[in-house]
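Positions are given from 1 along the sequence. When a ligand or atom number is given, it counts from 1 through the structure's own listing order. In this text the structure is predicted, and so the values were computed from the model without any measurement.
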Amino acid sequence: MQTVLVTGGAGFIGSVTTDQLVARGDRVIVVDDLSRGFADNVHDEAVFVHADLGDRAVVESLLANYRPDAVIHFAGYIAVGESVEDPGPYIDRNVGRSTTLLDCLVSNGIGNVVFSSSAAVYGIPGRVPISEDEAKHPTSPYGWTKWAFEEVLGFYEAAHGVRHVALRYFNAAGATSTRVERHDPETHLIPNILEAARGGKTISVFGTDYPTPDGTAVRDYVHVSDLADAHLRAVDYLINGGASTALNLGSGAGYSVLQVIEAVRRVTGRDFPVDLGARRAGDPPELVADPSRARALLGWEAMQSDLDHIVRSSWDVETPKA
Ligand code: UFG
């Protein structure tokens with residue numbers, strides 16, 4: 001049995017990953033300050049420590065107590081727009097407190113780290129599909145913090161031998177029977193279209209003049225269960241001595257905003273009003289992963305990331321039955 005420390009395990013991807021770790025028999029310790037997560041997201045069989053990663057004494061003592069074989073570090077702030085308006089907390093948490101965590105790992109001799117990174121590290125890519133070697137020009141403080149911490153991990157490997165896998169998520173989406181994404185306010189495309197399909201509002205399409213086939217922005221949507229599965233594989237890879245790396249996690253297929261709207265109409269059988277609006281500041285035209293490195297190193301495939309399945313999984317869980 002392996003012991004895995006999951007920071008941010010009360011969040012969306014962290015909670016689904018915890019569920020999968022528990023299901024395969026690992027011992028899981030979740031640490032989360034609940035600033036963005038929800039206590040009821042933590043699996044009953046995981047140990048839950050309500051703590052801030054900046055609190056060195058607490059983190060040191062929980063590492064000494066539980067001696068994890070690996071750490072999956074999800075905890076951090078994730079909203080691109082918020083990071084533009086107020087970058088300080090992003091730098092503090094995503095880089096500063098995350099580095100405190102690394103210091104605690106080093107002092108406890110723990111050297112396997114799986115890190116939640118993002119396609120936001122690339123900014124506006126020169127080439128699509130995007131390979132891991134694409135230039136890193138993040139266009140938001142959020143994206144910068146993810147890239148900065150990847151570099152910090154590289155420094156800690158050189159200095160202290162900490163090995164890591166940075167997983168660069170493309171557009172996380174979908175739901176499991178027990179976990180759904182909860183944000184307030186909700187800015188993500190699929191939850192907002194589903195809200196429109198439930199009859200609550202009009203969906204606005206942000207930009208119709210992109211250099212894409214239908215003029216709307218193209219993204220690579222990847223199901224949260226597929227993302228979680230990659231973390232389990234990355235833990236095993238590191239424990240088995242795998243070298244540090246960064247991996248794109250996407251399906252490799254891109255869908256435009258209009259194609260996602262069509263998928264929601266198809267899956268739900270509902271129609272709803274669509275407003276064709278202006279671009280949202282900072283949105284790249286097209287982000288689609290080349291996931292071949294994750295396939296080669298981890299044997300990972302996005303098995304549940306068919307767009308209709310993603311939409312159906314969220315619709316089924318989030319829509320009260322009549
Ligand atoms: N969009 C709309 N209308 C909406 C909401 C979104 O047209 O009401 C558009 C956006 O402009 C974008 C696309 O739908 O073109 C997807 O937008 P999301 O907000 O769902 O996701 P983003 O691609 O902006 O960002 C997500 C994560 C980031 C991550 C990025 C990496 O939120 O953290 O994917 O691909 F960095």
Check your understanding: Which atoms of ligand 1 have any heavy atom of A217 under 4.0 Å away?
Key -> 15 (O)
**Study point:** Top protein contact for atom 28 (C) of ligand 1, by heavy-atom distance
**Key:** V80 CG2, 4.2 Å
Check your understanding: If you measure from each non-hydrogen atom of V257 to ligand 1, which part falls under 4.0 Å: side chain, backbone, both or neither?
Key -> side chain
Review point. Are side-chain N/O atoms of D133 and S131 paired as donor and acceptor at under 3.5 Å?
Key: no
Check your understanding: How close does the nearest protein non-hydrogen atom get to atom 5 (C) of ligand 1, and which residue and atom is it?
Key -> T187 O, 3.4 Å
Check your understanding: Given Y169, Y221, Y142, which one has a non-hydrogen atom that is nearest to atom 13 (C) of ligand 1?
Key -> Y221
Practice item. Check I193 against ligand 1 and report side chain, backbone, both or neither, counting heavy atoms closer than 4.0 Å. Key: neither
Exercise for review: Quick one: which residue pairs count as a ring-ring contact (aromatic ring centres under 6.0 Å, His included) with a foot in residues 253-311, not counting sequence neighbours?
Suggested key: H223-H309
Practice item. With heavy atoms of H188 as the reference, note each atom of ligand 1 found under 4.0 Å away. Key: 18 (P), 19 (O), 20 (O), 21 (O), 27 (C), 32 (O)
Review point. Among protein heavy atoms, which lies nearest atom 36 (F) of ligand 1, and at what distance?
Key: S118 OG, 2.9 Å
Practice item. Look at atom 23 (O) of ligand 1 and say which protein heavy atom is nearest, naming residue and atom and giving the distance to 0.1 Å. Key: R219 NE, 2.7 Å
Check your understanding: What's the spacing between L298 CG and L167 CG if we round to 0.5 Å?
Key -> 7.0 Å
Check your understanding: Roughly how far, to the nearest 0.5 Å, is the OG1 atom of T145 from the CZ atom of R93?
Key -> 12.0 Å
Check your understanding: What is the closest protein heavy atom to atom 25 (O) of ligand 1, and at what distance does it sit?
Key -> N171 ND2, 4.0 Å
Point to revise | Contacts of R97 that satisfy side-chain hydrogen bond (donor to acceptor under 3.5 Å, both in side chains) - sequence neighbours left out | key: D52, D92
Check your understanding: To which protein heavy atom is atom 4 (C) of ligand 1 closest, and what is the distance rounded to 0.1 Å?
Key -> F206 CE1, 3.3 Å
Point to revise | Per-atom contacts, ligand 1 versus I78 - under 4.0 Å to a heavy atom | key: 33 (O)
Study note, to complete from the structure: CG of L227 to CZ of F12, rounded to nearest 0.5 Å, is 8.5 Å
Exercise for review: May I ask you to decide whether K136 forms a salt bridge with E150, counting only side-chain N to carboxylate O separations under 4.0 Å?
Suggested key: no
**Study point:** Option whose closest heavy atom lies nearest to atom 8 (O) of ligand 1, chosen from A281, S204, A196
**Key:** S204
Exercise for review: Find all atoms of ligand 1 within a distance of less than 4.0 Å from any non-hydrogen atom belonging to A119, and give their numbers and elements.
Suggested key: 31 (C), 35 (O)
Check your understanding: Just by distance, with hydrogens left out, do Q20 and D229 show a side-chain donor and acceptor under 3.5 Å apart?
Key -> no
**Study point:** Side-chain donor/acceptor of Y169 to backbone N/O of V224, under 3.5 Å
**Key:** no
Practice item. Identify, by atom number and element, the atoms of ligand 1 in contact range of I203, meaning under 4.0 Å from any of its heavy atoms. Key: 8 (O)
Study note, to complete from the structure: If we number the atoms of ligand 1 from 1 as shown, the ones under 4.0 Å from a heavy atom of L287 are 35 (O)
Check your understanding: In terms of side-chain heavy atoms, does E286 have a donor or acceptor partner in Y210 at a distance below 3.5 Å?
Key -> no
Check your understanding: If you count the atoms of ligand 1 from 1 in the order shown, which ones are under 4.0 Å from a heavy atom of N192?
Key -> 8 (O)
Practice item. Enumerate the atoms of ligand 1 whose separation from the nearest heavy atom of V205 is less than 4.0 angstrom. Key: 7 (O)
Point to revise | Residue, atom name and distance, where the atom is the protein heavy atom closest to atom 19 (O) of ligand 1 | key: R280 NH2, 2.9 Å
**Study point:** Nearest non-hydrogen protein atom, atom 11 (O) of ligand 1
**Key:** D283 OD2, 2.5 Å
